[in-house]
Amino acid sequence: MDIDDVRDFIDRLNEEGPAVFADPSSVEDFHGELNRMEAFFNSVVGEFDAWGEYAVDGAQSAAAWLTARCRIQAGQARNQVRRARELRQLKECAGAWRDGDINAAHVDVICRKHKGATEHALERDEAMLVDNARTLRFSDFTRMMEYWSQRADPDGTEADAEARRNRRDVYLVPSVDDMYFGRMNLDPISGAIVSDELRRIEAEMFEADRQEAKARLAFEPTALDLIRTHNQRRADALVEMATRSKSVPTGASRPAPLFSVLVDYETLHGRICQLAQGTVISPGSLIPWLDQAYIERAVFDPPKRVEVSATTRLFKGATRRALELRDQICTHLYCEQPAADCQADHIQPFALGGPTTQENGRVLCGFHNRLRSQRQPLRE
């Protein structure tokens with residue numbers, strides 16, 4: 001078999017046309033085969049790098065040769081070579097990629113954790129981590145890897161978090177046409193504070209724009225009917241944040257962050273130390289905020305927890321909050337809407353005797369809650 005056979009196969013696929021493979025099963029299977037092909041090519045790059053044939057053309061490295069001859073970004077070329085080198089030691093990871101069970105993004109996440117302080121732990125746990133990569137949603141897998149890293153290298157995790165916070169910076173300068181150009185880099189906690197407030201104000205403006213368009217057109221508007229684009233609203237929301245800040249009286253009470261302490265959660269679900277939107281942070285990152293934060297306790301152990309009455313129609317108070325903290329996001333398989341923006345739903349309908357308890361509750365976004373009468377694929 002040579003490269004011409006590969007070309008012939010691809011030509012036959014194109015002759016068949018994409019519609020032949022457009023059903024759900026074929027799309028999933030095709031994705032696995034693409035993973036296998038990418039894994040094989042990565043091993044080819046590894047052999048090319050090891051044999052050093054790039055030097056014949058005067059290139060100083062395999063990455064430099066790939067950048068020039070394959071016309072790809074230098075970073076992409078370096079990543080291909082780095083993966084190939086790392087996978088010489090990460091046999092379980094290489095095998096799962098070769099089988100099509102994981103993809104290059106999974107490999108990159110695991111390779112980033114392959115360093116001196118975690119080398120022995122990774123050698124011990126590689127099979128377990130790869131099994132999680134095979135089965136978990138990618139966002140859940142990356143969170144799991146962050147928690148694993150915290151346990152494998154707690155000192156390094158805190159040092160990395162401090163270094164990340166020290167990289168924060170913001171600049172905003174006038175450009176040649178009197179427009180302002182800027183950029184910001186914020187650590188996870190500071191970024192969440194700014195992002196959440198920006199999103200909240202932008203949502204207010206979106207509703208105002210929708211109501212204006214509805215009154216102007218006399219029918220429910222689409223996004224194209226609104227007077228501002230999404231990006232324009234976000235820019236206006238940032239200005240509104242500054243305006244509101246300037247309007248706050250000196251000495252006014254500042255909003256305090258809320259920390260949720262989950263009692264008996266680790267026994268049920270594993271370690272958790274993350275922001276509301278799911279970003280994993282190190283425990284040490286919380287210390288600067290403790291003197292100004294509110295603390296709430298969520299109890300998941302049934303004999304100790306506090307809930308609303310099981311006969312109450314709506315999830316509210318402690319029970320509603322517990323569902324948000326437990327589920328994190330919409331429980332529909334194909335959704336990642338944050339739990340705070342979701343509705344609390346009875347698994348067994350209230351009208352059929354379902355109690356209003358944590359065990360019978362789940363969070364679903366408005367769209368998927370309206371589809372609850374249909375069979376829905378939910379996360380386990």
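These numbers come from a predicted model, not from an experiment.
Counting only heavy atoms from C-beta outward, the side chains of N185 and R167 never approach each other to under 4.5 Å. Counting heavy atoms from C-beta on, the side chains of R85 and D49 come closer than 4.5 Å. Side-chain contact check for P288 versus R165: every heavy-atom pair is 4.5 Å or farther apart. Taking 4.5 Å as the limit, some side-chain heavy atom of C273 sits within range of a side-chain heavy atom of L286. You'll find the side chain of D108 reaches within 4.5 Å of the side chain of R83, heavy atoms only. At a threshold of 4.5 Å between non-hydrogen side-chain atoms, the residues R362 and L323 do not count as touching. Between M184 and D169, every side-chain heavy-atom pair lies at or beyond the 4.5 Å cut-off. For the pair R78/L66, no side-chain contact is recorded, criterion being any heavy-atom separation below 4.5 Å from C-beta on.
Using a distance-only test at 3.5 Å, with no hydrogens or angles considered, a donor-acceptor pair links the side chain of R326 to the main chain of Q358. Judged by distance alone, the side chain of S190 and the main-chain N or O of D187 form no donor-acceptor pair under 3.5 Å. Distance alone, capped at 3.5 Å, places no donor-acceptor pair between the S26 side chain and the D23 backbone. Remark: the backbone N or O of C93 is paired with a side-chain donor or acceptor of E126 at under 3.5 angstrom. Under the 3.5 Å distance criterion, the side-chain polar atoms of E207 are left unmatched by any main-chain donor or acceptor of Q211. No side-chain donor-acceptor contact under 3.5 Å links D327 to the backbone of I329. Side-chain N or O atoms of K115 include none that pairs as donor or acceptor with a backbone N or O of R112 at under 3.5 Å. A donor-acceptor pair under 3.5 Å links the side-chain atoms of S175 to the main chain of M179, judged by distance alone. Proximity of a side-chain donor or acceptor of T118 to a complementary backbone N or O of A121 within less than 3.5 Å is not detected. In this structure, the side chain of N103 does not engage the main chain of N35 through any donor-acceptor pair within 3.5 Å.
A single hydrophobic cluster is seen to contain both I3 and M37, as judged by linkage of ILVMFWY side chains at heavy-atom distances under 4.5 Å, directly or through other members. A continuous path of hydrophobic side-chain contacts links L87 to L122 [ILVMFWY only; heavy atoms under 4.5 Å]. Under a hydrophobic clustering in which Ile, Leu, Val, Met, Phe, Trp and Tyr are joined whenever their side-chain heavy atoms come within less than 4.5 Å, directly or via other members, I281 and I295 fall into the same cluster. Linking ILVMFWY residues whenever their side-chain heavy atoms come closer than 4.5 Å, directly or via other members, leaves V6 and F41 in distinct clusters. Both M128 and V109 belong to a single network of hydrophobic side chains, linked directly or stepwise wherever heavy atoms of I, L, V, M, F, W or Y lie under 4.5 Å apart.
Counting all heavy atoms, side chain and backbone alike, Q292 lies closest to P257 at O-CD, 3.6 Å. For the residue pair D236 and M205, the shortest heavy atom distance occurs at O-CE, 3.6 Å. In terms of heavy atoms, L226 sits closest to R233 at CD1-NH1, 3.7 Å. Nearest heavy atoms, A63 versus V81: N-CG2, 3.9 Å. Residues G46 and A84 approach most closely at CA-CB, 3.4 Å, considering heavy atoms. Residues A104 and E38 come closest through the heavy atom pair CB-OE2, 3.6 Å.
The aromatic ring centres of W65 and F48 sit less than 6.0 Å apart. Taking the ring centroids of F315 and H346, they lie under the 6.0 Å cut-off.
D57 and R69 are joined by a salt bridge, as a carboxylate oxygen and a charged side-chain nitrogen come within less than 4.0 angstrom of each other. A salt bridge is defined here as a Lys NZ or Arg NE, NH1 or NH2 lying under 4.0 Å from an Asp or Glu carboxylate O, and D341 with R199 meets this definition. Look at D209 and R228 and you find a salt bridge, because one of the NZ, NE, NH1 or NH2 atoms lies within 4.0 Å of a carboxylate O, short of that distance. We find that R244 and E240 are joined by a salt bridge, their nearest charged nitrogen and carboxylate oxygen being less than 4.0 Å apart. Taking 4.0 Å as the cut-off between side-chain N and carboxylate O, D225 and R216 do not count as a salt-bridged pair. Salt-bridge annotation for E336 and R137: present, with a side-chain N of the basic residue lying under 4.0 Å from a carboxylate O of the acidic one.
Enclosure of atom CD in E220 by more than 12 non-hydrogen atoms of other residues, nucleotides or ligands within 6.0 angstrom is indicated. Enclosure of atom CD in Q76 by more than 12 non-hydrogen atoms of other residues, nucleotides or ligands within 6.0 angstrom is indicated. Within a 6.0 Å radius of CZ in F181, no more than 12 heavy atoms belonging to other residues, nucleotides or ligands are found. The number of heavy atoms from other shown groups lying within 6.0 Å of CZ (R36) does not exceed 12. Around CD of Q348, the count of heavy atoms belonging to other residues, nucleotides or ligands within 6.0 Å exceeds 12.
The distance from the CD1 atom of I193 to the CG atom of D196 is 8.5 Å, given to the nearest 0.5 Å. The line from OG of S282 to CG of D155 is 11.0 Å long, rounded to the nearest 0.5 Å. Between the NE2 atom of H114 and the CG atom of L90 there is a distance of 5.0 Å, given to the nearest 0.5 Å. Y180 contributes atom OH, which lies 7.0 Å from atom CG of L172 (distance to the nearest 0.5 angstrom). Here E86 contributes atom CD and N79 contributes atom CG; the two are 11.0 Å apart, rounded to the nearest 0.5 Å. For the atom pair M145 CE and T142 OG1, the distance stands at 9.5 Å (nearest 0.5 Å).
Donor-acceptor pairing under 3.5 Å is lacking for the side chains of E158 and Q150. N360 and T357 share no side-chain donor-acceptor pair at under 3.5 Å. Using modelled atom types and a 3.5 Å distance limit, the side chains of D160 and T157 yield no donor-acceptor pair.
For the ring-ring contact (aromatic ring centres under 6.0 Å, His included) test, residues two or more places apart in sequence or in another chain that qualify with F21 are F30. For E146, the side-chain contact (heavy atoms from CB on, under 4.5 Å) partners two or more places apart in sequence, or in a different chain, are K113, V280.
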Exercise. Step by step, would you call R321 with E324 a salt bridge (charged side-chain N to carboxylate O under 4.0 Å, His left out)?
Worked result: CA-CA 5 Å; R321 182 63 176 155; E324 292 178 358; 3.1 Å; yes
Problem set entry | Working for side chain to side chain contact (heavy atoms under 4.5 Å, CB included), residues C365 and Q343 | CA-CA 6 Å; C365 68; Q343 300 168 3; over 6 Å; no
Problem set entry | Pair E202-L238, side chain to side chain contact (heavy atoms under 4.5 Å, CB included): steps then yes or no | CA-CA 9 Å; E202 194 274 331; L238 183 61; over 6 Å; no
For this session: Please step through side chain to side chain contact (heavy atoms under 4.5 Å, CB included) for the pair Y54 and Q60, ending with a clear verdict.
Result: CA-CA 7 Å; Y54 52 82; Q60 294 185 1; over 6 Å; no
For this session: Kindly indicate, with the supporting measurements, whether the criterion side chain to side chain contact (heavy atoms under 4.5 Å, CB included) is fulfilled by L371 and L364.
Result: CA-CA 10 Å; L371 297 179; L364 287 170; over 6 Å; no
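Residue pairs meeting the ring-ring contact (aromatic ring centres under 6.0 Å, His included) criterion with at least one member in residues 130-179, sequence neighbours excluded: H106-F138, H106-F141.
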